[in-house]
Amino acid sequence: MAQGRKEPRRDSGRKRAPRRPSSLPGGLDAVFGVHAVRALLARGEVPRVLWVQEGEAQQRLVELIDQARRGGARIEPHPREELDRLAQEASHQGIVAFAAPLAFESEAALWFKLEAWPHGAPPLLLVLDGVTDVHNFGACLRSADAAGVHGVIVPKDKSAPLNATVRKVACGAAEGVPVYQVTNLARALARLKEFGVWITGTAGEAEAMLFEAEFTGPTALVMGAEGKGMRRLTREACDGLVKLPMAGSVTSLNVSVATGICLFEAVRQRRGVGD
């Protein structure tokens, strides 16, 4: 009797179909990480949807999850790979909130705040003239938040939007630091002077070094665009110009790096002043 060919062995178990990726909530910004989500809730803005990593993260983040749920957020557990894919290189820490897009504060709100100044320390403001790269914008906001800046001022034109990428790079700072949008930056700087604010601009050709400047009083620090620096009218509106001492072969720094250095020189000088 001839021996027949062996039938291929069949797997008795069924292969599991790959899990379909969840659809993203439309029209909302994704906010990544514990600090950013906590800042969102502290601001009084409850996310519409909260994605939480399945497993241990649900236990670790139970307090934050409960706070969002009480505010009306829909809580959705998701596998880590979905959060990783959404966050790309950002650190999501097992939690992603979907919230309404951020809006700029109005110019009128800036003048109202200065008229009824609520802080013991004098104003420390950051002005970004023509910073259009969203990653640099987000990094500048992160430094501003860390340095205790009271507000960031940007022009209506030639400025990066307050979008989801900015929020991701800022790691919660976009929710914590008010960003005021003004129609005419040079005119806004002139109005700041009426409130006693000293305008210090940064420029590579300045004669004075950063560490020679005085930042203990009401201060607005102006940082220019990547590569081009401040616009002419902005430069002319400044009370003084400073530069960073550059000892190496490079002649300039990324605007977000320079912003951090300048702001923390102001922090160093202002330690113990007011609150």
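When reading the values below, keep in mind they use all heavy atoms of this one structure, side chains included, and skip hydrogens, waters and symmetry mates.
- To the nearest 0.5 angstrom, Leu162 atom CG is 4.0 Å from Phe104 atom CZ.
- Between the CD atom in Gln93 and the CZ atom in Phe32 there is a gap of 12.0 Å [rounded to 0.5 Å].
- Under a 3.5 Å cut-off, the side chain of Glu214 and the backbone N or O of Thr216 do form a donor-acceptor pair.
- Considering every non-hydrogen atom in both Gly151 and Val177, the closest pair reads CA-CG1, 4.3 Å.
- Panel note: side chain Thr219, backbone Gly217; a donor-acceptor pair is recorded below 3.5 Å.
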message = Arg167 vs Leu102, test: side-chain contact (heavy atoms from CB on, under 4.5 Å). Steps then yes/no.
response = CA-CA 9 Å; Arg167 296 176 86 156; Leu102 281 178; 3.6 Å; yes

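- With hydrogens and angles disregarded, no donor-acceptor distance shorter than 3.5 Å links the side chain of Lys168 to the backbone of Ser91.
- Transitive grouping of hydrophobic side chains (ILVMFWY, heavy atoms separated by less than 4.5 Å) keeps Leu28 and Val37 in distinct clusters.
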What side-chain donor-acceptor pairs closer than 3.5 Å can you find for residues 124-143, not counting sequence neighbours?
residue : atom : partner : partner atom : Å
Asp129  : OD1  : Arg231  : NE           : 2.9
Asp129  : OD1  : Arg231  : NH2          : 2.9
Asp129  : OD2  : Arg231  : N            : 2.8
Asp129  : OD2  : Thr234  : OG1          : 3.0
Asp133  : OD2  : His135  : N            : 3.0
Asp133  : OD2  : Asn136  : N            : 2.9
Asn136  : OD1  : Asn254  : ND2          : 3.0
Asn136  : ND2  : Glu226  : OE2          : 3.1
Ser143  : OG   : Ala139  : O            : 3.4

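- No more than 12 heavy-atom neighbours from other residues, nucleotides or ligands sit within 6.0 angstrom of CD on Glu207.
- Environment of CD in Glu212: crowded, with over 12 heavy atoms of neighbouring residues, nucleotides or ligands closer than 6.0 Å.
- Residues Val49 and Val52 do not share a hydrophobic cluster, clusters being chains of Ile/Leu/Val/Met/Phe/Trp/Tyr side chains in contact below 4.5 Å.
- Within the 3.5 Å criterion, the main-chain N or O of Thr183 finds a donor-acceptor partner in the side chain of Glu107.
- Minimum interatomic distance between Pro218 and Gly196 (heavy atoms only, all atoms of both residues): CB-O, 3.5 Å.
- Cluster annotation: Val34 and Leu86 are assigned to distinct hydrophobic clusters (Ile/Leu/Val/Met/Phe/Trp/Tyr, side-chain heavy-atom contacts under 4.5 Å, transitive).
- Rounded to the nearest 0.5 Å, atoms CZ (Phe264) and CZ (Arg268) are 13.0 Å apart.
- Using a cut-off of 4.0 Å between Lys/Arg side-chain N and Asp/Glu carboxylate O, Glu205 and Arg235 are scored as salt-bridged.
- Connection of Leu263 to Val179 is established within a shared hydrophobic cluster, with ILVMFWY side chains joined at heavy-atom distances below 4.5 Å, either directly or through further cluster members.
- In this structure, CD on Gln67 lies 11.5 Å from CD1 on Ile65, to the nearest 0.5 angstrom.
- Ring to ring, Trp117 and His150 are close: their centroids are under 6.0 angstrom apart.
- A 4.5 Å side-chain heavy-atom check between Val154 and Val182 finds every atom pair outside the cut-off.
- Side chain of Asp239 to main chain of Ile199: a donor-acceptor pair is present (N/O by atom type, distance under 3.5 Å, no hydrogens or angles).
- Open room surrounds CZ on Arg48; 12 or fewer heavy atoms of other groups in view lie less than 6.0 Å from it.
- Side-chain N or O atoms of Arg270 include one that pairs as donor or acceptor with a backbone N or O of Phe215 at under 3.5 Å.
- Heavy atoms only, all atoms of each residue included: Cys171 and Ala36 are closest at C-CB, 4.0 Å.
- His119 places no side-chain N or O within donor-acceptor distance of the main-chain N or O of Ala121, the cut-off being under 3.5 Å.
- By the 6.0 Å contact criterion, NZ on Lys156 is open, its count of non-hydrogen atoms from other residues, nucleotides or ligands being 12 or less.
- Looking at every heavy atom in both residues, Glu45 comes nearest to Ala99 through OE2-CB, 3.7 Å.
- Across Pro101 and Gly27, no two heavy atoms sit closer than the pair CD-O, 3.6 Å.
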task = Give the intermediate values and the outcome of side-chain contact (heavy atoms from CB on, under 4.5 Å) for residues Met230 and Val222.
result = CA-CA 8 Å; Met230 293 181 293; Val222 186; 3.5 Å; yes

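- The side-chain hydrogen bond (donor to acceptor under 3.5 Å, both in side chains) with His78 is formed by just one residue from the set Glu82, Glu81, Arg80; it is Glu82.
- With a 4.5 Å cut-off on side-chain heavy atoms, Pro77 and Gln58 count as touching.
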key: Chi angles and distances behind the side-chain contact (heavy atoms from CB on, under 4.5 Å) call for Leu64, Arg38   = CA-CA 7 Å; Leu64 206 57; Arg38 184 173 288 123; 4.2 Å; yes

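- Once rounded to the nearest 0.5 Å, the distance linking CD of Glu105 with CD1 of Ile153 reads 12.0 Å.
- Hydrophobic cluster membership is shared by Leu192 and Leu241, with clusters built from Ile, Leu, Val, Met, Phe, Trp and Tyr side chains linked at under 4.5 angstrom.
- Counting non-hydrogen atoms of neighbouring residues, nucleotides and ligands closer than 6.0 angstrom, the NZ atom of Lys113 exceeds 12 such neighbours.
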ask   = Yes or no on side-chain contact (heavy atoms from CB on, under 4.5 Å) for Gln59 and Glu56, after CA distance, side-chain angles and deciding distance?
value = CA-CA 5 Å; Gln59 300 300 319; Glu56 182 270 338; 5.6 Å; no

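- When every heavy atom of Lys193 is checked against every heavy atom of Ala237, the shortest pair comes out as NZ-O, 2.7 Å.
- Summarising the geometry, atom OG1 belonging to Thr202 is positioned 9.0 Å from atom CG belonging to Leu210; distances are rounded to the nearest 0.5 Å.
- Using a distance-only test at 3.5 Å, with no hydrogens or angles considered, no donor-acceptor pair links the side chain of Glu175 to the main chain of Leu40.
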task = Just do the side chain to side chain donor-acceptor pair (under 3.5 Å) check on Gln269 and Glu265 with the steps written out, would you?
result = CA-CA 6 Å; Gln269 292 188 20; Glu265 170 58 19; 2.8 Å; yes

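- At a threshold of 4.5 Å between non-hydrogen side-chain atoms, the residues His92 and Trp51 do not count as touching.
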